[in-house]
Amino acid sequence: MSWLLNLYETYESNLDRVGEPEFKNDREFTLLPVSHTTQNAHIEVLVTEDGEFHSAEVIVDKKESSTLIPSTEKSSSRAGSVIAPYPLHDKLIYVAGDFVSYGGKVKGAEPFETYIQELQNWAESKYAVPKVKSIYHYLSKRTLIRDLVAFKNTLAVDREQKLIEKWDSVYEELFPVRPAIFGAVAGDQSSAFIRFTVHSPDRILTKVWKDAEMYSSFLQYYQERLGDEDVCYVTGRLQPSTERHANKIRNAADKAKLISANDTSGFTFRGRFIDSKDAANISYEVSQKAHNALKWLINLQAKIIDERVFLVWGNDALFVPEPTEDTFSLDPEEIPAVVIKSDLKEGVASELAKSLDGYRNKLQSLSANIESRVNIIVLDSATTGRMAVLYYRNMDKEIYFNKLLQWHTSCAWLHRYRKNDQGQFIPFYGAPATRDIAFAAYGPRADDRLVKGLMERMLPCIIDGVRVPKDIINSVFQRASNPVSMEIWEWEKTLSIACALINKDLMDRQEGFELALELDNDDRSYLFGRMLAVADVLERRALGDEKRATNAIRYMNAFAKHPERTWQVIQAAMQPYQARLGKSATYWTRIIDEIGHQFKSEDFNNKALSGKYLLGYYSQRHALYQKKDAPEDVTTEETIDN
């Protein structure tokens, strides 16, 4: 229940934003008032203050269709043939009193009768506002479809004055231009969702679905109609309870629920409890506010991959750095992109730690609450109707920042795949994003199901300090060892991410390496990687402007599996390029000889290399590229460390 309580408290601390429109990615959303939900409307009907039809419009622009509507417990969870109208805006079958007259088909009781009775109860209550009364007076006349047909063919009927179920070319005689409604609704016209507002020639009225007075009116009216009080398992207070909980959590079409126990014939709760509320008794207010806060936060700042939601928020300051992002994304001002030069031994990791620590202090200074906490939640649904909390943590913000600091400094390497606002590649030193790790492991065209699964598996590694799963490291290692299967940019990205993960795994075992070249490291894999880097740089210098892959790159996969045998092939292939370089080739040959001299005799064999060879390759190549033109009289160590 802790996630519900924290969402409820988040709602309570943001009451000033209830009903206020917000925008993200050209979409409008809001923190929903209690007893309200959202629907995508297809037709907007304007009614005069006297309760007469004024005009109507088909909503073609999807960005304008989202509508905040009053909702009851029953209507928010209606399904199938259950008659459960929304209190004001609803589908044509509910709001049109002349639906049957125009060929509409209903099973059993007519939905309009239930709808208009509920609307009448609200309109005649002491909480009713003039807008509700105006809409009720109009709809009680039962002329909605007639008026919509007459007004610019908002709805279309055939020669027999029956609603056209599906557009067909045979209707072109009646309608030279296809009615807009058929482009707005996915099914037939009877499924069109109608929203109402009030028009006045004397003054500009707020749209009904954006009017705070309307929100308050329905909430006060509906509060008196709630059920008996019971102990709420979330707050511990006596409040009206509910067994129906909200859906539409991720979007307006989402039917999955987080809390549901409607399977009275199965074993959802039977066998342990007599009634579903014995398992989880939640008050109506808590359920509404917690679910509305969750919907709002998802729209505001969640990351969604193949319908899986990754959400992080603070209980006092909503924004906190996401654990799934890379170091570059934290804050461009506080964590500047690090351009690494040859003086790597000056402690890049310690500088990064200082920057991250300063960033943490800046964010914490924005919060007056010393005991502020951070929430991390992952949601997904396996079926249409059920959603699960796959991962949830609520932790002290200080601990959270310490975990982030540890991750971004221990899984750090030099990357060159991020771009600035001008489209230029910016090197940065830090941890990769979990989504980029997924692409490095499975390729850029990986199925979203693989990507979201890996991102979820990486969360405990960041938040709880769990070691990175071995299969992920192996997958990235294998792809980084096969550069010919990728474009150069993709391989360079995969290589740096592989180095970050491999070094993180080594650090967890107290064996981590520095990005700076370790000249005294005699690990066989590391040494083989260094030799491969020298061969790669040598041939690349000899090729000049030619863009083809070097032999070191072409044989890299075989080299990782059979280093001694493959090195002989690479070394033989280097001879023409050494000849092309002339005397300057002596410099590169000297480096190879010095690396070879560090091998123990028993280590120079065909045993497959570990991930350390990628670290050796990357560090050696980076060090060599710091010196564009190496003079012949400079020693290897001087050139690398300069």
Less than 4.5 Å apart, any side-chain heavy atom of [X] and any of [Y]?
X	Y	value
W296	F29	yes
L379	L390	no
V374	F401	no
Y136	I116	yes
R178	Y171	no
I69	R195	no
N6	Y392	yes
Y11	N292	yes

Excluding sequence neighbours, so at least two apart, what forms side-chain hydrogen bond (donor to acceptor under 3.5 Å, both in side chains) with E160?
none
Between [X] and [Y], does any side-chain N to carboxylate O distance fall below 4.0 Å?
X	Y	value
E456	R435	no
R225	E118	yes
E325	K303	yes
R373	E9	no
K63	E28	no
D188	K166	no

Donor-acceptor check, side chain of [X] to backbone of [Y], threshold 3.5 angstrom: yes or no?
X	Y	result
Y86	T37	no
E322	V312	no
H137	I135	no
K397	S372	no
T242	R244	yes

Given side-chain contact (heavy atoms from CB on, under 4.5 Å), test V82 with K74 step by step and report yes or no.
CA-CA 9 Å; V82 176; K74 197 173 181 180; 4.1 Å; yes
Can you tell me how far [atom2] of [Y] sits from [atom1] of [X], rounded to the nearest 0.5 angstrom?
X	Y	atom1	atom2	result
Y127	S216	OH	OG	10.0 Å
Y102	L92	OH	CG	11.5 Å
E307	D380	CD	CG	8.0 Å
K162	S101	NZ	OG	7.5 Å

Neighbour count above 12 (heavy atom, 6.0 Å) for [X] [atom1]:
X	atom1	result
K105	NZ	no
D16	CG	yes
K91	NZ	no
K141	NZ	yes
R449	CZ	no

Walk me through whether R17 and E22 qualify under salt bridge (charged side-chain N to carboxylate O under 4.0 Å, His left out).
CA-CA 9 Å; R17 300 172 75 167; E22 302 189 50; 3.0 Å; yes
D158 vs L163, side-chain contact (heavy atoms from CB on, under 4.5 Å): CA-CA, chis, key distance, verdict
CA-CA 7 Å; D158 58 20; L163 287 171; over 6 Å; no
Stepwise, does the side chain to side chain donor-acceptor pair (under 3.5 Å) test hold for T434 with R457?
CA-CA 9 Å; T434 54; R457 293 177 66 197; over 6 Å; no
Would you call the rings of [X] and [Y] parallel, tilted or perpendicular, taking 30° and 60° as the class edges?
X	Y	answer
F218	Y221	tilted
W3	H291	perpendicular
F182	W167	tilted
F53	Y138	tilted

Matching residue for M214 among V132, L68, L219, T206 - test: side chain to side chain contact (heavy atoms under 4.5 Å, CB included):
V132
Please identify which of these residues, L148, I181, V149, meets the side chain to side chain contact (heavy atoms under 4.5 Å, CB included) condition with T154.
L148
Kindly indicate, with the supporting measurements, whether the criterion side-chain contact (heavy atoms from CB on, under 4.5 Å) is fulfilled by M387 and D254.
CA-CA 10 Å; M387 185 183 297; D254 188 11; 3.3 Å; yes
Between [X] and [Y], is any side-chain donor less than 3.5 angstrom from a side-chain acceptor?
X	Y	result
S200	E49	yes
R386	S381	no
E229	Q239	no
S35	Y284	yes

Check ring pair (Phe, Tyr, Trp, His ring centres under 6.0 Å) between H245 and all other residues, then give those that pass, not counting sequence neighbours.
none
Ring center gap for Y215 and H36 short of 6.0 angstrom
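Close enough - the centres of the two rings lie under 6.0 Å apart.
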Yes or no on salt bridge (charged side-chain N to carboxylate O under 4.0 Å, His left out) for K207 and E44, after CA distance, side-chain angles and deciding distance?
CA-CA 11 Å; K207 297 283 189 181; E44 181 177 329; 2.7 Å; yes
side-chain contact (heavy atoms from CB on, under 4.5 Å) evaluation trace for D306 with V451:
CA-CA 9 Å; D306 190 38; V451 174; over 6 Å; no
